[in-house]
Structure formats: C-alpha cells, structure tokens
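Below is one structure, written out as structure tokens; comments come after it.
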Amino acid sequence: MIKLIFLDGQEKSFTPGTTPEDVAKSISPNLAKKSVAAYLDDELYDLNRPMEKGGTFKLVVESDEEAFGILNHSSAHLLAQAVKKLHPSAMFGVGPQTDEGFYYDIALDHSITEAELAEIEKGMRQLSQEAHPMVRSEKTREEALAFFKNDPFKKELISAIPEGDKITFYTQGDFVDLCRGGHVGNTSKIKHFKLLSLAGAYFRGDSSRPMMQRIYGTSWFSKEALEAHLNLLEERKERDHRKLGKELKIFMLSSEVGQGLATWLPNGYAVRKVLEDYVYELERQAGYLHVSTPVLGSKKLYQTSGHWDHYQENMFPIMEKDDETFVLRPMSCPHHMTIFQSDLRSYRDLPIRYAEIVTQHRYEASGALTGLERVRAMTLTDAHIFVRPDQIKEEVINAYHLIETAIADLGLEVDYLEFATRDDSKDKFHDNDALWNQAEAILQSVLDEAQIPYKEVPGEAAFYGPKIDFQVRTAMNRVITMSTVQLDFLLPERFDLTYINASGQKERPVVIHRGLISTWERLMSILLEQYKGAFPFWLAPVQILLIPVNNNAHEAYTKEIYQTLMHAGFRAKLDLSDEKMGYKIRDAQQQKIPYTFVIGDDEVKNQTITYRQFGSPEQTHILVKDMVDIFKKEAEKKSRKK
RNA sequence: GCCGGAAUAGCUCAGCAGGUAGAGCAACUGACUUGUAAUCAGUAGGUCACGGGUUCGAUUCCUGUUUCCGGCACCA
C-alpha cells in the first residue's frame with residue numbers, strides 16, 4: 001500500500017497504481033470533475049498517471065493558477081494531433097502554454113492558411129469527443145532518439161534535455177509526442193478553445209535556424225471563460241494606440257515621411273509638452289542639471305564609447321563631409337561623457353547629474369516597427385549620473401525613487417524588476433571581469449539591502465554594465481521596460497574620466513545611466529492604451545470644451561470664461577459652430593475631453609458654469625470665481641491612484 | 001531581416017467568378033438658432049498603394065516593389 005498525506009494532514013492508504021483521478025473520485029465526484037492534475041510531493045502528476053509511491057498529495061483544480069497552463073499545454077498537444085491527422089508529414093518544434101493560451105510550432109512544406117485554422121479546430125473538437133486518454137511513458141535517451149529518428153527537430157530537443165532528467169512521452173490515440181507533462185489526462189477535458197492566429201517562428205528562437213509555422217490558440221475550462229477572453233481580445237483592439245492615436249489625432253506615421261518616423265500632431269504634442277515640463281521639473285528638484293547635445297556626433301566619439309563596435313548594424317549609415325565622419329546619434333551617453341570631461345572635477349563636485357531631453361535615431365529592423373511602440377527616431381529624457389565609488393548606492397537608490405515617483409504620477413505600476421547581468425557570451429559584453437564583478441555585486445547589494453524583489457536575467461546586461469530594468473505591464477498585457485538604472489565602470493575608463501580626490505590624486509568616477517519613463521513615443525503608446533484615449537485632466541490635449549447654449553446670446557460670456565481658463569494655463573477650446581448642442585456634447589465625448597462646459601442664461605445670471613465630466617451625464621454647477629482653483633487642484637493630482 | 005496576411009474616398013467599410021466603383025461619418029453650401037451623445041436638404045470627393053505582365057478590356061488574375069497588420073529574431 002502507498003500512503004498519501006492530504007492537504008488537511010489526513011493520511012490515507014491506497015493500492016500502488018492508484019491514479020490521482022481515483023483519489024479525487026474517492027473524495028467526491030465533483031472534485032474529480034474539477035481536477036486537472038495533482039502534485040505528489042513536488043512532482044506534477046497527470047490525473048491518469050499511476051502512483052507507485054506515497055507522499056504529500058495535492059490535487060490541482062480548475063481554479064488553481066497553474067491549472068490554466070496545464071489545460072493549455074494539453075491543448076497544444078491536441079492541436080498537434082489534429083494537424084498531424086490532416087498533414088501526416090508535419091513535424092513539430094515546441095508547443096508550450098503561454099500566459100493567455102498556447103501555441104505549437106510546426107514544420108510543414110505546405111503553408112497553413114487562416115481558413116485552415118477552422119478545419120484544424122474542427123479536427124481538435126472531434127479528437128476531444130473521441131476522448132483519447134493522454135498516457136505518459138518514460139523512455140531512455142536511446143529509445144527516444146530511435147523513435148524520432150526521422151525528425152531532426154525532436155531529436156535536437158531530446159539532445160537538449162539535461163543528462164539525468166527523465167525523458168517522457170505522451171500518447172493520445174495514434175499521436176505520440178515528446179513532452180515533460182503534466183496533462184489533463186484525457187482529450188475530452190479540452191472543450192472550450194479557439195485557434196487565434198498564425199505566425200512564423202524560428203526553431204528554438206534562433207534566427208539562423210529554419211522558420212516554422214506557429215499556430216496560437218487559447219483554451220479555457222468553460223464556455224463563459226473562453227468568451228470572456230475573446231471579448232477581452234476584442235476590447236484590446238479598441239484600446240490599440242494606433243487606432244486611438246488616429247482617432248484622437250495624436251500622431252501619424254506616414255510612408256511619405258519615412259518608415260518608423262512618427263509625426264506628433266497638435267493633440268499629441270500638447271500631451272508630450274506636459275510630460276516634458278513635468279520631467280524637467282522633477283529632475284530639477286532632484287538636482288539634475290539639464291544639458292543639450294547635438295543630434296549628430298563624430299563616429300570617433302562612438303568608437304571611443306564602444307557603441308560603434310556593438311551597435312553599428314543598428315545605426316543609420318555614416319555621413320562623410322570634409323574629412324570628418326558623422327553618425328546620427330543613437331544614444332546620448334558619449335555626449336554626456338564629453339561634458340564631464342570638459343572641466344576639471346573635484347570629489348566635492350560629485351555626484352553630477354546630467355539630464356537631457358534627447359532625440360536619437362536607431363535603425364530598427366523593419367519587422368520590429370510597431371506604431372509608436374518601436375520607431376526609428378525617438379525622444380526621451382536621458383540622464384547620466386557621475387559619482388564617486390562611495391556614492392554609488394545612494395545615487396542608485398535616489399534614481400530608483402525618482403523612477404517610482406514618475407511611474408506613480410503617470411498612473412502606471414511596476415510589475416517587477418529585472419536585474420540584468422552578463423552571461424558567458426563574450427562578444428556581447430566588455431571583457432574586464434574585475435569591473436563586471438564589482439558592478440554586479442554593487443547593484444545586487446543595493447537590491448538586497450533595499451529588499452526590493454527582482455528577477456535576475458543573465459545575459460541581458462548592456463555591453464558596458466549590469467542594469468536594473470523596471471518592467472511595466474501595459475493594458476494590452478504586454479510587459480515593457482519603462483525605466484532603467486545601469487551601472488557603468490567602462491565608459492569612464494574609455495573616456496579617461498577623472499576627478500581629483502581628497503588627497504589630490506586623480507580618480508575614476510562611476511557612471512549611472514538612468515532612463516526615466518521610456519521614450520515619449522513609447523510612453524504615449526502606453527498611456528493611450530492605459531486610458532483608452534481618455535487622458536487624465538493634467539495630460540489631456542484639450543482639457544475643457546466650452547459650449548454656449550445659444551451662440552448669439554452667450555458667446556461673449558463663454559469667451560470670457562475661455563480667456564480666463566487660457567490665461568490660467570489650461571488647454572480650453574470653444575465650440576462656436578452652428579451645430580446643435582447635443583451634437584457638440586457628443587463630439588466632446590468622442591474626443592474624450594475631460595470637462596465639457598455648457599453655458600446659457602442661468603450661468604450668465606448666476607456667474608456660474610455647468611460642466612459634465614467625460615463618460616458621465618451628471619451636471620455640476622460651480623461659481624466662476626472658484627473655477628480656476630478647482631481645476632488647478634484637479635491638475636495637481638496628476639494620474640496618481642492615491 | 002524572416003514567415004504569413006492585407007492595401008478601395010479624409011475615416012470606417014461594402015463591391016467586382018475580369019466590363020474603370022458605392023454607403024455611413026467627416027468636409028463644403030444652404031436652411032434651422034437650439035439646455036446636455038448625431039437637425040434637414042444639397043454639393044463635391046477615388047490613376048481602387050505603386051510598377052510590370054496576361055487579356056479586346058485589370059481595382060479584380062499573375063508578378064515585383066512599397067507600406068501596414070499578426071508573429072519570430074533584434075532592442076545600447
């Protein structure tokens with residue numbers, strides 16, 4: 001007999017070979033229905049996998065977080081089985097679950113079309129109805145390789161499994177796949193799914209390898225949950241910053257101007273200017289000194305910094321004129337290094353924090369360009385902080401707090417931090433081990449001492465040093481690097497930066513690279529999606545629209561109020577068109593203007609204004625004399641959640 | 001850059017199994033002068049992304065290019 005210890009501490013004996021499903025059924029049929037898999041000690045078991053030993057036993061039920069992944073992983077297998085049935089020559093790469101569903105990579109001579117997705121989906125439904133058990137088996141490496149002897153993809157995946165790890169196969173009907181599991185035990189458990197899209201994907205994520213066809217899908221435990229998810233996907237389309245940016249006339253991307261080159265329209269620039277002013281003031285108060293450097297730089301400057309060696313592929317081609325070679329700057333660090341260099345520095349001067357609202361150009365791969373999210377000309381607030389070694393920690397923490405403030409003021413939230421370190425790919429990183437070890441140790445200790453949780457990502461560092469990236473999850477459920485703090489011992493050396501220490505000796509400063517809120521372009525894309533185009537008051541391109549009830553009778557008073565608002569620094573707009581009032585209000589709502597004033601006889605008589613807020617029909621009356629104060633307070637709140 | 005798809009009026013889209021295009025909104029003109037999400041009528045607007053081919057004839061079929069979209073790779 002084997003002994004299982006349940007969640008509540010109860011122990012129960014079962015005959016060896018009992019499956020988790022048997023156990024679940026013995027507890028309650030309802031529980032068995034909701035079970036997806038089980039844990040025996042720390043090992044994930046399929047519902048139908050016989051248990052030959054005892055241990056702590058925990059069922060994974062539909063409502064558990066990991067159940068979704070298990071279902072979707074199983075759904076990927078169902079997809080593969082259906083594809084294999086339609087195309088017996090198909091071979092497969094990987095087929096994992098994702099945050100929101102699953103995919104499987106397929107190698108097939110024939111190009112799968114959108115129309116065929118429905119056919120494949122039908123095949124999946126049939127296989128689900130046929131209720132094939134998904135049976136696990138263990139194989140030796142030799143057996144596994146022999147089984148897939150004609151499949152170079154699976155053979156390679158088998159070879160990549162570390163020595164000593166179990167190699168397991170899953171069989172459902174006549175379909176056999178290499179897989180570590182766990183699975184839902186039977187294809188009949190997979191009922192509510194949809195295939196979503198087709199894409200290309202390199203085998204093992206390596207662009208030098210063959211491209212496979214990837215099918216994306218999503219799978220849920222109920223019809224309602226599936227529909228809810230499909231609705232969410234529809235809603236996301238409504239939030240897409242490219243759609244909203246066009247509708248609200250925020251920006252344009254025109255092939256006439258050039259691929260990946262965004263043009264900011266008046267509405268977009270109004271928002272951007274608020275952000276620029278906000279950031280400037282935030283930095284000024286934090287002791288940053290603002291500078292301005294040219295958009296062009298000598299190629300030598302970038303050779304000195306090392307950017308030329310690492311990124312010339314991603315830079316626009318060089319320009320040669322009068323024996324000098326220029327590049328369109330892709331980065332501002334080298335420029336700021338020269339500013340530090342330009343004067344004799346004392347240890348008393350440090351830290352020196354240079355900030356700049358800087359436009360830079362990068363030759364991004366054409367396929368990477370996406371709306372405002374990825375462009376070839378971008379403007380951002382960039383900063384470089386020059387510190388003594390003893391000031392590193394404090395300044396990293398200062399930068400951390402500044403970033404926290406900015407992100408909170410924008411109404412966004414940091415999802416998690418990434419601590420990006422180097423790995424052993426030598427050509428990606430500069431080769432001074434001592435500097436690397438020092439820099440990584442310092443950043444690590446800052447994170448640890450401040451007790452900030454983070455995810456370490458080896459190999460993601462910049463070539464000049466490790467970094468802490470602030471990852472924000474957008475309204476589209478994409479994770480984007482919003483801010484960054486990078487520690488750099490290399491560029492000070494490359495530029496031979498020095499300051500005079502207390503004993504009169506030259507010493508090397510350390511540079512902290514700080515990115516505050518991504519680029520204006522990317523930030524705009526995130527904000528548009530976050531607010532679905534309905535900007536909070538302080539950012540809105542037009543904050544207040546004024547509508548007179550009768551143009552003739554109320555124009556003068558409305559204009560007076562308009563002037564008061566404009567002089568007080570607000571962005572107001574007057575609608576004196578011949579349209580009906582209802583039309584004007586609808587128009588204001590469609591433009592997502594935060595406040596709409598309606599001004600008629602009552603307002604003139606009482607020296608008031610009547611407003612409604614975006615999205616609400618409620619009417620509020622306030623005295624004109626209180627108006628400016630009320631809206632100034634509203635603007636000061638920024639987008640803070642609390 | 002790679003795989004796949006798309007491109008019709010300012011916008012959103014319909015249409016064409018090959019016979020040079022249509023709606024709604026927007027724009028313009030006129031009437032209406034209004035108290036909280038679309039007043040009515042009229043007018044104008046298109047080398048059907050661009051180049052080449054097949055054809056008596058191409059927006060439609062084939063092909064190349066460009067741009068965009070879904071992904072992959074890349075992202076200092």
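Just so it is clear, the model here is predicted, and its values are computed rather than measured. Labels below follow one simple rule: chain letters A, B, ... track the order of the sequence lines, proteins then strands, and each chain is numbered from 1.
The base-pairing partner of B/C32, taking Watson-Crick or G-U wobble contacts with both distances under 3.5 Å, does not exist among the strands shown.
Rounded to an integer number of Å, the gap from CD of A/E603 to C1' of B/U36 is 11 Å. Atom C1' of nucleotide B/U36 and atom OH of A/Y611 are separated by 15 Å, given to the nearest angstrom. For the pair A/Y311 OH and B/C75 P, the computed distance is 7 Å after rounding to whole Å. Counting to the nearest Å, the P atom of B/U36 and the NE2 atom of A/H554 are 14 Å from each other. Note: CG (A/L233) to C1' (B/G71) measures 15 Å, nearest angstrom. What separates CD of A/E460 from C1' of B/C74 is a distance of 11 Å, to the nearest Å. Between the CE atom of A/M252 and the P atom of B/G10 there is a distance of 14 Å, rounded to whole Å. Between the NE2 atom of A/H621 and the P atom of B/U36 there is a distance of 12 Å, given to the nearest Å.
Listed by residue number, the members of residues 584-592 of chain A with any heavy atom below 4.0 angstrom from RNA chain B are A/I585, A/R586, A/Q589.
Using a 4.0 Å heavy-atom criterion, one finds that A/G600 contacts the bases of the nucleic acid, with or without backbone contacts as well. In this structure, A/K467 reaches the sugar-phosphate backbone alone: every heavy-atom distance under 4.0 Å involves primed, P, OP1 or OP2 atoms, never a base. The residue A/G205 sits close only to the backbone: its heavy atoms come under 4.0 Å of sugar-phosphate atoms, none of a base. Using a 4.0 Å heavy-atom criterion, one finds that A/R214 contacts the sugar-phosphate atoms exclusively. Among the heavy atoms of the strands, none lies under 4.0 Å from A/Y103. A/H310 comes within 4.0 angstrom of nothing in the nucleic acid, heavy atoms only. Residue contacts shown for A/S305 are absent, as no nucleic acid heavy atom lies under 4.0 Å away. At the heavy-atom level, A/D206 lies nowhere under 4.0 Å from the strands shown.
Dense packing is recorded around NZ of A/K299, with more than 12 heavy atoms of other residues, nucleotides or ligands lying under 6.0 Å away. Atom CG of A/N437 has more than 12 heavy atoms from other residues, nucleotides or ligands within 6.0 Å. Within 6.0 Å of atom NZ in A/K573, 12 or fewer heavy atoms from other residues, nucleotides or ligands are found, so the atom counts as exposed in its surroundings.
Taking the P atoms as reference points, B/U60 lies 25 Å from B/G1, given to the whole Å. As rounded to the nearest Å, B/A21 and B/G45 have P atoms that lie 14 Å from one another. Comparing the C1' positions of B/C62 and B/U54 gives an interatomic distance of 7 Å, to the nearest angstrom. Of the P atoms belonging to B/G30 and B/A44, the separation is 16 Å, rounded to the nearest Å. Of the C1' atoms belonging to B/A76 and B/C2, the separation is 23 Å, rounded to the nearest Å. With both ends at atom C1', the span from B/A58 to B/A49 equals 16 Å, rounded to whole Å. Nucleotides B/G18 and B/C3 place their P atoms 30 Å apart, quoted to the nearest Å. B/A7 and B/C48: their P atoms are spaced 14 Å apart (whole Å).
For the pair A/D240 and A/K246, the salt-bridge criterion is not met [side-chain N within less than 4.0 Å of a carboxylate O]. Between A/E555 and A/K559, at least one side-chain N (NZ, or NE/NH1/NH2) sits under 4.0 Å from a carboxylate O, which counts as a salt bridge. Ionic pairing of A/R353 and A/E283 is not present here: no N-O contact between side-chain nitrogen and carboxylate oxygen is shorter than 4.0 angstrom.
In terms of heavy atoms, A/N551 sits closest to A/D575 at OD1-O, 4.4 Å. Contact record, A/Y354 with A/V291: CD2-CG1, 3.8 Å, taken as the closest heavy-atom pair.
Separation of the A/F631 and A/Y595 ring centroids falls under the 6.0 Å cut-off. A ring-centre distance under 6.0 Å is not found for A/F340 and A/H384.
Heavy-atom nearest nucleotides on RNA chain B were determined for A/F614 and for A/H361, and the one closer to the 5' end corresponds to A/F614.
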Every protein N/O lying under 3.5 Å from an N/O of nucleotides 23-31 of chain B:
| unit_1 | atom_1 | unit_2 | atom_2 | d |
| --- | --- | --- | --- | --- |
| B/A26 | OP1 | A/Y583 | OH | 2.7 |

Would you list the protein and nucleotides 1-8 of chain B atom pairs, both N or O, that sit under 3.5 Å from each other?
| unit_1 | atom_1 | unit_2 | atom_2 | d |
| --- | --- | --- | --- | --- |
| B/G1 | OP2 | A/S366 | OG | 2.3 |
| B/G1 | N7 | A/G367 | N | 3.0 |
| B/G1 | O6 | A/G367 | O | 3.4 |
| B/G1 | N2 | A/Y202 | OH | 2.5 |
| B/C2 | O4' | A/Y202 | OH | 3.4 |
| B/C3 | O2 | A/G200 | N | 3.2 |

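Distances shorter than 4.0 Å separate none of the side-chain N or O atoms of A/K246 from OP1 or OP2 on B/G10. The phosphate of B/G35 (OP1 or OP2) has no side-chain N or O of A/K580 nearer than 4.0 angstrom. A close approach under 4.0 Å does occur between a side-chain nitrogen or oxygen of A/R242 and OP1 or OP2 of B/G70.
Checking A/Q619 against A/Y611 by side-chain atom types alone, no donor-acceptor pair falls below 3.5 Å. For the residue pair A/Q591 / A/D587, a side-chain donor-acceptor distance below 3.5 Å is found, with atom types taken as modelled.
Considering only side-chain atoms of A/N550, the nucleotide from B/A37, B/U33, B/G35 that sits closest is B/U33. Listed candidates were B/G70, B/C75, B/U34. Nearest to the side chain of A/R374 is B/C75. Here B/C75 is the nucleotide among B/U36, B/G35, B/C75 with the atom lying nearest to any side-chain atom of A/R522.
The one candidate from A/L490, A/I385, A/V387 that meets the side chain to side chain contact (heavy atoms under 4.5 Å, CB included) condition with A/V510 is A/V387. A/F470 pairs with exactly one of A/Y400, A/Y416, A/F419 by the ring-ring contact (aromatic ring centres under 6.0 Å, His included) rule, that one being A/Y400.
Annotation: the span from A/E247 atom CD to A/K592 atom NZ amounts to 7.0 Å, rounded to 0.5 Å.
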